[in-house]
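Residue numbering restarts at 1 for every chain, and letters A, B, ... go by the order of the sequence lines.
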Amino acid sequence: MDSLKAILSQSPEGQTVTACGWVRTKRDGKNISFIALNDGSCLSNLQVVVDKENDSVSNETLARCGTGASLQVTGKLVASEGGGQNAEIHADTITVLGDTSETFPLQKKHHSVEFLREIAHLRARTNTFAAVARIRSAMSYAVHTFFQQNGFFYVHTPIITANDCEGAGQMFQVTTLDLDTIARKELKDGIDYTQDFFGKKASLTVSGQLSAETYACALSRVYTFGPTFRAENSNTTRHLAEFWMIEPEIAFCTLEGNMEIAEAFIKFILKYVLENCKEDMEFFDTRIQKGVIETLRQVVEKPFVRITYTEAIEHLAKAADSFEFKPVWGCDLQTEHEKYLTETVFNGPVIVTDYPKEIKAFYMKQNDDGKTVRAMDILVPRLGEIIGGSEREADYGKLVARMKELGLKEEDYSWYLDLRRFGTVPHSGFGLGFERLILYITGMANIRDVIPYPRTVKNAEF
RNA sequence: UCCCUUGUAGCUCAGUCGGUAGAGCAAAUGGCUGUUAACCAUUGGGUCGGCGGUUCAAGUCCGUCCGGGGGAGCCA
């Protein structure tokens, strides 16, 4: 059975084909009916033409071909007399594989994304969500292609972790203890985790970075690409409790090399999608965000702007009056600051490096100035931070000293510190939120609409 | 977690100064000689998010809870 994509790519010469799909719309005339059929293999529908004067398809069958029904159609593929499509199928037989009903919630009209979120199990049957799904798949393939072509090994870091030290956010606890029983007891001494499945407190991972570092310090170039979980109570269009993160980690690599790889990576994915998902991208360009294709093309062409945090603050200081939060050295960049830099000053992606150590994680390499670390964030218009990365502190003494300043216990990180005890090397890496990259590429507005079943605060439906 | 906003037909919304509900689309039915979210006509469709209060009278005013959306913080 050929997909509609395969059928529509054929030259229509009257050959007999069999097509399967779901009815999008049906338009009835006295002697003729048109059915728009879609199987999700591509954005385009196949127009099915039913000649009512010819008895091949009964009126009873035709009546069952309402929006949402699934059909198998056999007929001749011919050039279309109408203007909306090149080819169409003149049906000889139609088999209704599955009936629909008047309660089918998807109508042949526009629906809001908010409404479609409530029927997430059916929304993939709309143009927008099917296009997002196809692009997401193509991007996943491109992620692996980029790294595999550049000598990276794909490492599967654990989903469940008993490290209490990943430090990137609030964690979801994993337990087999009976919480109902625990909740009823007065627990003066706390919970006895030695009785739990893993014998200690365990959680879902918030980052594969620390594990990836251990493999980078063995295989040199590795990456992870998997689900990540954050139990933050954040309610925005850019956050999910369950999201997919891409985290490369590279040995013998300083921050400069890290930035080069990050920039090349983003450009590779954009270029791949522009070349391989043309029909879907044109849909996003006309229906979702006007001009998104041209924006992406320019991002691929131009080198990313690179500035230090200190330079960023200087830029922001010139427009200090326009901000709610005054830009002061030492403070983290606010959303309004990121927007100003990417949208007003540079009009494109900006890599900001060398942040104050106080606002960055303990494992980042300390600069000689004693104030900043070798961190880099890539900021993009509309979304803000899309990548966060750094060169890692490779010096055992400096790393331990920084941990002490922050009150972190050495024994909790002994395996991580072993990387610095035994054959330490300069190494770097970054994390990229996959869904944010999808938002950037498609122009979609809400991160909940670029993952099939979004998990957010108070929402784990489907 | 904080701020703003919103909840009325299957969907998108209107509903004025408090007086018991309206449109478009969708659906169903009929019509129509090739349509492109087809078109034309007819019909059906409502616990106005829940609970409580004020009032002769509440979709409308007040309180509270729940849901949706946007922004901020946190971050990817």
Side-chain angles (χ1 to χ4, degrees), chain A residues 24-36 44-53 63 66-68 78-85 88 90 100-119 126-127 167-170 206-209 224-225 227-247 262 287 323-325 331-339 359-361 377-380 383-389 430-440 445-449 451 456-459 461:
Chain A
R24 284 292 176 79
T25 69
K26 182 177 64 164
R27 297 178 290 275
D28 283 315
K30 187 178 185 182
N31 298 316
I32 195 165
S33 282
F34 301 95
I35 296 168
S44 297
N45 299 323
L46 175 65
Q47 172 153 281
V48 178
V49 183
V50 180
D51 183 354
K52 292 186 183 175
E53 292 175 319
T67 302
V78 300
S80 180
E81 292 173 33
Q85 55 284 315
E88 63 191 19
H90 284 201
T100 184
S101 101
E102 64 201 65
T103 61
F104 182 62
L106 294 173
Q107 301 166 358
K108 44 185 184 181
K109 56 165 287 195
H110 173 80
H111 292 289
S112 67
V113 290
E114 291 81 13
F115 169 68
L116 293 172
R117 232 171 265 155
E118 294 171 10
I119 50 166
T126 65
N127 285 338
Q170 288 292 310
V206 293
S207 166
Q209 181 197 315
T224 72
F225 180 17
T228 309
F229 307 87
R230 305 252 171 113
E232 304 288 351
N233 186 8
S234 56
N235 233 305
T236 78
T237 55
R238 308 185 296 284
H239 290 85
L240 292 166
E242 176 183 287
F243 65 101
W244 285 64
M245 190 150 66
I246 296 152
E247 293 176 291
R287 297 295 190 91
F323 300 122
E324 189 185 339
F325 295 93
C331 295
D332 209 351
L333 297 180
Q334 304 290 316
T335 296
E336 58 179 344
H337 301 149
E338 295 178 350
K339 278 189 194 302
I359 59 174
K360 288 292 179 184
D377 285 357
I378 300 188
L379 314 177
V380 297
L383 297 177
E385 184 180 345
I386 197 166
I387 279 183
F430 62 86
L432 177 141
F434 189 50
E435 285 78 14
R436 287 192 181 171
L437 191 58
I438 304 175
L439 287 179
Y440 190 54
N446 194 315
I447 202 163
R448 292 162 201 193
D449 299 327
I451 188 167
T456 54
V457 183
K458 298 275 197 300
N459 182 15
E461 291 302 308

J.: So what stems show up for RNA chain B if we need 3 or more Watson-Crick or G-U pairs in a row, all under 3.5 Å?
T.: B:1-7 with B:66-72, B:10-13 with B:22-25, B:27-31 with B:39-43, B:49-53 with B:61-65

J.: Say you pick atom P in B:G70 and the same atom in B:G31; how far apart are they, in whole Å?
T.: 46 Å

J.: Sequence neighbours left out, what passes ring pair (Phe, Tyr, Trp, His ring centres under 6.0 Å) with A:Phe434? Give chain and number order.
T.: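 Residues passing ring pair (Phe, Tyr, Trp, His ring centres under 6.0 Å) with A:Phe434: A:Phe225.
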
J.: Looking only at the side chains, is there a donor atom on one of A:Thr236 and A:Ser234 sitting less than 3.5 Å from an acceptor on the other?
T.: no

J.: What interatomic distance, in whole Å, is found between C1' of B:C25 and the corresponding atom of B:A37?
T.: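 Looking at atom C1' only, B:A37 and B:C25 are 10 Å apart.
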
J.: Decide yes or no for A:Leu106 and A:His111: does some side-chain heavy atom of the first lie under 4.5 Å from some side-chain heavy atom of the second?
T.: yes

J.: Taking CD1 from A:Ile386 and P from B:C75, how many angstroms apart are they, rounded to a whole number?
T.: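 It is 17 Å, rounded to the nearest whole Å.
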
J.: Does A:Thr335 put a side-chain nitrogen or oxygen below 4.0 Å from OP1 or OP2 of B:G73?
T.: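 Yes.
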
J.: Please state whether the phosphate of B:C75, meaning OP1 or OP2, lies under 4.0 angstrom from any side-chain nitrogen or oxygen of A:Ser234.
T.: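 A:Ser234 to B:C75 OP1/OP2: no side-chain N or O under 4.0 Å.
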
J.: With a non-hydrogen cut-off below 4.0 angstrom, is A:Arg238 in contact with a base, only sugar-phosphate, or nothing?
T.: base

J.: Could I get the full list of side chain to side chain contact (heavy atoms under 4.5 Å, CB included) partners for A:Asn459, not counting sequence neighbours?
T.: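 A:Thr456, A:Glu461.
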
J.: Counting any heavy atom closer than 4.0 Å, what does A:Asn45 reach on the DNA or RNA strands: base, sugar-phosphate only, or nothing?
T.: nothing

J.: Between C1' on B:G10 and CG on A:Leu116, what's the gap in Å once rounded to a whole number?
T.: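 Roughly 13 Å, once rounded to whole Å.
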
J.: Using a cut-off of 4.0 Å on non-hydrogen atoms, how would the nucleic acid contact of A:Thr228 be classed: base, sugar-phosphate, or nothing?
T.: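 Since no nucleic acid heavy atom lies under 4.0 Å of A:Thr228, the category is nothing.
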
J.: Does the ring center of A:His337 lie less than 6.0 Å from the ring center of A:Phe325?
T.: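 So the answer is no for these two rings.
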
J.: For the P atoms, the ones on B:G34 and on B:U6, what distance do you get once it is rounded to whole angstrom?
T.: 46 Å

J.: What is the separation between atom CZ on A:Phe104 and atom P on B:C11, rounded to the nearest whole Å?
T.: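 In whole Å, B:C11 P and A:Phe104 CZ are 14 Å from each other.
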
J.: Using whole Å, report how far CZ of A:Arg230 lies from C1' of B:G73.
T.: 15 Å

J.: Could you tell me if the side chain of A:Phe243 sits less than 4.5 Å from the side chain of A:Ile451, heavy atoms only?
T.: no

J.: Side chains of A:Glu247 and A:Ser207 only: does a donor on one sit below 3.5 Å from an acceptor on the other?
T.: yes

J.: Using a cut-off of 4.0 Å on non-hydrogen atoms, how would the nucleic acid contact of A:Phe115 be classed: base, sugar-phosphate, or nothing?
T.: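 Since only primed, P, OP1 and OP2 atoms lie under 4.0 Å of A:Phe115, the category is sugar-phosphate.
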
J.: Say we look at B:A27 and B:G68: how far apart would their C1' atoms be, to the nearest angstrom?
T.: 25 Å

J.: Rounded to the nearest angstrom, tell me the gap between atom CG in A:Asp449 and atom C1' in B:G70.
T.: 14 Å

J.: Just how far, in rounded Å, is C1' of B:G69 from CG of A:Asn446?
T.: 9 Å

J.: Roughly how many Å is it from NZ in A:Lys360 to P in B:C74, rounded to a whole number?
T.: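 About 11 Å, once rounded to whole Å.
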
J.: Hey, is the side chain of A:Thr236 poking within less than 4.0 Å of OP1 or OP2 on B:C75, counting only N and O atoms?
T.: no

J.: Determine whether any donor atom in the side chain of A:His111 lies under 3.5 Å from an acceptor atom in the base of B:C11, or the reverse, and answer yes or no.
T.: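 Under the 3.5 Å cut-off, the side chain and the base do not form any donor-acceptor pair.
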
J.: How far, in whole Å, is B:G50 from B:C3 if one measures between their C1' atoms?
T.: 25 Å

J.: For A:Arg287, which residues count as a side chain to side chain contact (heavy atoms under 4.5 Å, CB included) partner, sequence neighbours excluded?
T.: A:Phe283

J.: By nearest nucleotide on RNA chain B, pick out whichever of A:Ala445 and A:Leu432 is the more 5' one.
T.: A:Ala445

J.: Taking only the C1' atom of each, what is the distance from B:C39 to B:G45 in whole angstrom?
T.: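 Looking at atom C1' only, B:C39 and B:G45 are 23 Å apart.
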
J.: Given the C1' atoms of B:G67 and B:G73, what is the spacing between them in whole Å?
T.: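 It comes out at 23 Å once rounded to the nearest Å.
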
J.: In the 5'-to-3' direction, what one-character label does each nucleotide of nucleotides 24-40 of chain B receive under the scheme B = base within less than 4.0 Å of a protein heavy atom, S = sugar-phosphate only, - = no such atom?
T.: BBSS----BSBBBBB--

J.: Run the ring pair (Phe, Tyr, Trp, His ring centres under 6.0 Å) test against A:His110 and tell me which residues pass, sequence neighbours left out.
T.: none

J.: For A:Thr237 and A:Asn446, which I'm curious about, is there any donor-acceptor pair between the side chains at under 3.5 Å?
T.: no

J.: Do A:Thr25 and A:Arg27 pair up side chain to side chain, a donor and an acceptor below 3.5 Å, judged on atom types alone?
T.: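 Side chains of A:Thr25 and A:Arg27: pair found under 3.5 Å.
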
J.: Looking for any heavy atom pair under 4.0 Å, which part of the strands does A:Leu437 touch: base, sugar-phosphate only, or nothing?
T.: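 If one applies the 4.0 Å heavy-atom cut-off, A:Leu437 turns out to touch nothing in the nucleic acid.
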
J.: For A:Leu240, answer base if it contacts any base atom (sugar-phosphate contacts may also be present), sugar-phosphate if it contacts only those atoms, and nothing otherwise; contact means non-hydrogen atoms under 4.0 Å.
T.: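 Counting heavy atoms under 4.0 Å across all strands, the contact made by A:Leu240 includes a base.
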
J.: When the distance from NE2 of A:His337 to C1' of B:C74 is rounded to whole Å, what number comes out?
T.: 16 Å

J.: On a whole-Å scale, what distance lies between the C1' atoms belonging to B:G71 and B:C13?
T.: 24 Å

